[in-house]
A.B. asks: 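Quick one: the structure is below, questions incoming.
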Amino acid sequence: PEIIRTKELQKVYRMGAEEVHALKSVSIEVNRGEYVAFMGPSGSGKSTLMNIIGCLDTPTFGQYVLNGKDVSDMSENELAEIRNKEIGFVFQTFNLLPRATCLDNVALPLIYAGFNKKDRDEKAFLALKSVGLDDRIHHKPNELSGGQRQRVAIARALVNNPSIILADEPTGNLDSKTSYDIMDLFHELHQKGNTIIMVTHEDDIAHYSHRVIRLRDGLVESDEVNPNPTVVD
Ligand code: ADP
Ligand code: ADP
């Protein structure tokens with residue numbers, strides 16, 4: 001059963017009299033539990049596609065069905081609701097609140113979801129525990145290493161039990177040893193049945209995924225199963 005289906009997706013940015021066709025016609029399907037990497041040169045449309053898949057933006061033409069719902073023409077408010085429920089975001093720069101503790105950072109999405117403080121703290125604690133940071137819950141981001149910060153961000157992405165984890169260059173700010181630790185964690189999340197989509201320009205990072213979709217000039221250039229993903233022990 002597919003969780004993502006895009007049909008002839010197009011995105012046109014208008015800048016004054018000029019038009020930029022960031023996505024020309026992108027049709028892809030991703031099944032629940034898949035682990036996919038998006039690759040492609042700068043300007044090929046990766047961010048635009050991720051923004052649409054993450055319900056941060058809508059296509060100009062074409063259709064996007066997320067988890068059985070056509071979200072192509074939804075309003076801002078409807079999109080925000082779907083986004084909070086269905087998507088966990090992980091960013092290159094972690095995007096943590098500097099003055100909040102790990103626990104509060106991870107609990108944040110649960111405020112929007114309407115949980116009370118006790119439930120929020122409990123769920124945030126469990127999410128932090130699942131990424132191996134239960135001994136750091138009262139630390140602030142600047143008291144942690146880069147890899148630990150990314151783990152906090154991953155815990156935040158997981159805390160709402162989203163349908164999809166969208167990771168935009170998740171290892172872009174990490175050294176290679178720490179990057180492998182994060183790929184180890186993604187491997188674990190994939191084993192548990194999570195659907196993961198990451199953007200990366202690094203071949204060795206993409207090689208952890210099980211399918212690589214390459215974009216070029218707003219089109220899918222290739223879409224291939226990775227027969228031999230890098231093994232994490
Ligand atoms: P990538 O993530 O692969 O680098 P993007 O999706 O960011 O690609 O960009 C695809 C194309 O759309 C590029 O030509 C870029 O300049 C253009 N673009 C992206 N965002 C905007 C925007 N907000 N307004 C105008 N043009 C944009
Ligand atoms: P913002 O004005 O910061 O976009 P929203 O309330 O619309 O605030 O954001 C809702 C969710 O979308 C949050 O979980 C946030 O982390 C995520 N989000 C916001 N901006 C982006 C972005 N550019 N790319 C990916 N996710 C984003």
Side-chain angles (χ1 to χ4, degrees), residues 3-30 34-66 70-80 82-83 86-96 146 150 153-154 156-157 162-174 179 182-183 186 195-226:
I3 192 146
I4 288 172
R5 180 156 51 85
T6 76
K7 200 169 161 229
E8 295 167 16
L9 219 54
Q10 294 187 42
K11 184 70 186 182
V12 183
Y13 294 111
R14 292 199 168 75
M15 310 207 301
E18 226 186 298
E19 287 189 346
V20 180
H21 290 252
L23 298 177
K24 290 173 182 160
S25 179
V26 172
S27 304
I28 53 172
E29 289 182 10
V30 175
E34 275 200 86
Y35 183 4
V36 183
F38 285 161
M39 300 195 77
S42 176
S44 57
K46 303 182 296 294
S47 308
T48 301
L49 182 57
M50 286 293 263
N51 285 342
I52 293 173
I53 288 175
C55 296
L56 292 158
D57 204 354
T58 48
T60 314
F61 303 105
Q63 194 186 41
Y64 173 30
V65 178
L66 168 59
D70 190 338
V71 299
S72 325
D73 297 315
M74 281 193 176
S75 70
E76 254 317 302
N77 284 344
E78 290 172 311
L79 276 184
I82 298 259
R83 187 163 67 223
E86 306 276 3
I87 316 279
F89 292 98
V90 176
F91 305 96
Q92 177 172 5
T93 51
F94 321 134
N95 290 15
L96 300 171
Q150 193 58 300
I154 292 167
R156 181 186 55 191
S163 304
I164 308 169
I165 296 165
L166 282 188
D168 193 356
E169 299 276 2
T171 61
N173 268 318
L174 303 174
S179 298
I182 294 298
M183 289 301 102
F186 275 27
T195 308
I196 303 173
I197 300 183
M198 69 174 167
V199 169
T200 181
H201 63 269
E202 294 173 84
D203 282 315
D204 56 335
I205 293 298
H207 211 266
Y208 284 89
S209 76
H210 291 223
R211 175 178 170 194
V212 179
I213 297 177
R214 281 174 202 278
L215 297 183
R216 180 176 289 273
D217 294 333
L219 292 167
V220 174
E221 179 184 53
S222 65
D223 181 351
E224 287 170 346
V225 170
N226 177 3

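We count ligands from 1, going down the list as the structure has it; atoms in each ligand are counted the same way. Note that these values count all heavy atoms, side chains included, but never hydrogens, waters or copies made by symmetry.
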A.B. asks: If you draw a 6.0 Å radius around OH in Tyr13, do more than 12 non-hydrogen atoms from other residues or ligands fall strictly inside?
C.D. replies: yes
A.B. asks: What's the shortest distance from atom 2 (O) of ligand 1 to any protein heavy atom, and which residue and atom give it?
C.D. replies: Ser47 OG, 2.6 Å
A.B. asks: For atom 8 (O) of ligand 1, which protein heavy atom lies nearest, and how many Å away is it?
C.D. replies: Gly45 N, 3.1 Å
A.B. asks: With no hydrogens and no angle check, do the side chains of Ser27 and Glu8 hold a donor and an acceptor under 3.5 Å apart?
C.D. replies: no
A.B. asks: If we check salt bridge (charged side-chain N to carboxylate O under 4.0 Å, His left out) with Glu221, which of these qualifies: Arg214, Lys24, Arg216?
C.D. replies: Arg216
A.B. asks: Under a 4.5 Å cut-off applied to non-hydrogen side-chain atoms, are Arg5 and Leu66 in contact?
C.D. replies: no
A.B. asks: For ligand 1, note which part of Met50 has a heavy atom under 4.0 Å away: side chain, backbone, both or neither.
C.D. replies: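 Under 4.0 Å from ligand 1, Met50 contributes no heavy atoms.
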A.B. asks: Could you tell me, atom by atom, which parts of ligand 1 come under 4.0 Å of a heavy atom of Lys46?
C.D. replies: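 Taking each heavy atom of Lys46 in turn, ligand 1 has 1 (P), 2 (O), 3 (O), 4 (O), 6 (O), 8 (O) under 4.0 Å.
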A.B. asks: Any N/O of Met15 closer than 3.5 Å to an N/O of ligand 1?
C.D. replies: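 So ligand 1 has no N or O lying under 3.5 Å from an N or O of Met15.
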A.B. asks: Contact between Ile165 and Thr195 at the side-chain level, heavy atoms closer than 4.5 Å - yes or no?
C.D. replies: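 A side-chain contact under 4.5 Å is absent here.
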A.B. asks: Side chains of Phe186 and Ser209, heavy atoms from C-beta outward: is any pair under 4.5 Å?
C.D. replies: no
A.B. asks: Decide whether Ser75 and Asn77 meet the rule of one side-chain donor and one side-chain acceptor closer than 3.5 Å.
C.D. replies: no
A.B. asks: Specify the protein heavy atom at minimum distance from atom 19 (C) of ligand 1: its residue, its atom name, and the distance to 0.1 Å.
C.D. replies: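 Minimum-distance protein heavy atom for atom 19 (C) of ligand 1 reads Tyr13 CE1, 3.4 Å.
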A.B. asks: Can you run down the side chain to side chain donor-acceptor pair (under 3.5 Å) pairs that involve residues 35-47, sequence neighbours left out, and say none if there aren't any?
C.D. replies: none
A.B. asks: How far is atom 12 (O) of ligand 1 from its nearest protein heavy atom, and which residue and atom is that?
C.D. replies: Ala22 CB, 3.3 Å
A.B. asks: For the backbone of Met15 and the side chain of Glu18, can you confirm whether one donor and one acceptor N or O come within less than 3.5 Å of each other?
C.D. replies: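 Looks like no, no N/O pair under 3.5 Å.
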A.B. asks: Is any heavy atom of the protein nearer than 4.0 Å to atom 22 (C) of ligand 1?
C.D. replies: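 Yes; the ligand atom in question has protein heavy-atom contact below 4.0 Å.
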A.B. asks: Note the single closest protein heavy atom to atom 4 (O) of ligand 1, along with its residue, its atom name and the distance in Å.
C.D. replies: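 The protein heavy atom lying closest is Gly43 N, 2.7 Å.
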A.B. asks: If you have a sec, work out which protein heavy atom is nearest atom 6 (O) of ligand 1 and how many Å separate them, to one decimal?
C.D. replies: Thr48 OG1, 2.6 Å
A.B. asks: Is there a polar contact, in the sense of an N or O pair closer than 3.5 Å, between Val20 and ligand 1?
C.D. replies: no
A.B. asks: For Pro41, take its heavy atoms, then give the atoms of ligand 1 lying under 4.0 Å from any of them.
C.D. replies: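 Counting from 1, the qualifying ligand atoms are 3 (O).
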A.B. asks: Should you measure from each heavy atom of Ser44, which atoms of ligand 1 turn up under 4.0 Å away?
C.D. replies: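 Answer, ordered by atom number: 1 (P), 3 (O), 8 (O).
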A.B. asks: Is atom 16 (O) of ligand 1 close to the protein, meaning a heavy atom under 4.0 Å from it?
C.D. replies: no
